[in-house]
Amino acid sequence: MLAAVSALAYTVGNLLRVEAYLAYVLPLPIVLAALRSGPLAAFKTLTVAVLLLLILMGPVRAVTYLLVYGVLSLALGIAWAWRLPWAVSVPLGALARIGGYMAYIMLSSWVTNENLLMLMVTNVYSLLDQLSVVLGTTGSPPLLAVLVVLCSLLFVNGLMYVMLMHILYAIMLKGMGLKLHRLPRFAERLVGQIPEA
């Protein structure tokens, strides 16, 4: 049931072009499966959702769902089922998001026959080059600096996204009668204001 909800939400979001607005909600069915029945149930839910998407939308969209949302939702579901603290689950989720997106970029590069990773590196190089002009320095930024800035930007983006997901899911799961373990103090204050289900 949760796999069908997940696949249907992704399909509808993709067809109506509202996938960006559903990005925080799409991992919820797999996370629910992990919290209710354990990590194995989450893995099975993800597998069935990907198979449903393979039938409904084809292999590219199924693999896209797996890489962009599936890897992250499985990592978060396992971390929360094992009751890991947020100091561990947030960086773990960020790394899962980065890994999934990098694999998605490689898949998209292969499908479109373009090197999208090189395009990202070129854009960061241009950003650093313009920044050096504003600061009044001369010379071009070295490739190592470009890669460090690119990885840092990806990691900060992943951390912010996953931290927001943690707060949002703590509120949503409390409304469903479930609870995340080991909330930080600021999150306890936010979630404490929400009435019980």
Residue pairs involving residues 85-121 (criterion ring pair (Phe, Tyr, Trp, His ring centres under 6.0 Å); sequence neighbours excluded)
Trp86-His166

Quick one: name the residues clustered hydrophobically with Leu15, using the 4.5 Å side-chain heavy-atom rule over I, L, V, M, F, W, Y, and just say none if it's on its own.
none

Residue set satisfying side-chain hydrogen bond (donor to acceptor under 3.5 Å, both in side chains) with Ser73, at least two apart, ordered chain then number -> none

Side-chain cluster (under 4.5 Å, hydrophobic types only) that Val148 belongs to, other residues
Leu144

Run the ring pair (Phe, Tyr, Trp, His ring centres under 6.0 Å) test against Tyr169 and tell me which residues pass, sequence neighbours left out.
Trp80

Just jot down the side chain to side chain contact (heavy atoms under 4.5 Å, CB included) partners of Val12, sequence neighbours excluded, or say none.
Leu8, Leu16

Quick one: list whatever passes side chain to side chain contact (heavy atoms under 4.5 Å, CB included) with Leu26, sequence neighbours left out.
Ala9, Tyr10, Glu19, Leu22, Tyr69

Tell me the side-chain hydrogen bond (donor to acceptor under 3.5 Å, both in side chains) pairs involving residues 36-49, sequence neighbours left out?
none

Residues at least two apart in sequence or cross-chain that pass side-chain hydrogen bond (donor to acceptor under 3.5 Å, both in side chains) with Arg17, listed by chain then number, are none

Residues sharing Leu40's hydrophobic cluster, by side-chain heavy-atom contacts under 4.5 Å among ILVMFWY, directly or via others?
none

Suppose clustering is done on Ile, Leu, Val, Met, Phe, Trp and Tyr with side-chain heavy atoms closer than 4.5 Å. Which residues sit in the same group as Met160?
Val156

side-chain hydrogen bond (donor to acceptor under 3.5 Å, both in side chains) pairs touching residues 152-165, sequence neighbours excluded, are Arg97-Asn157

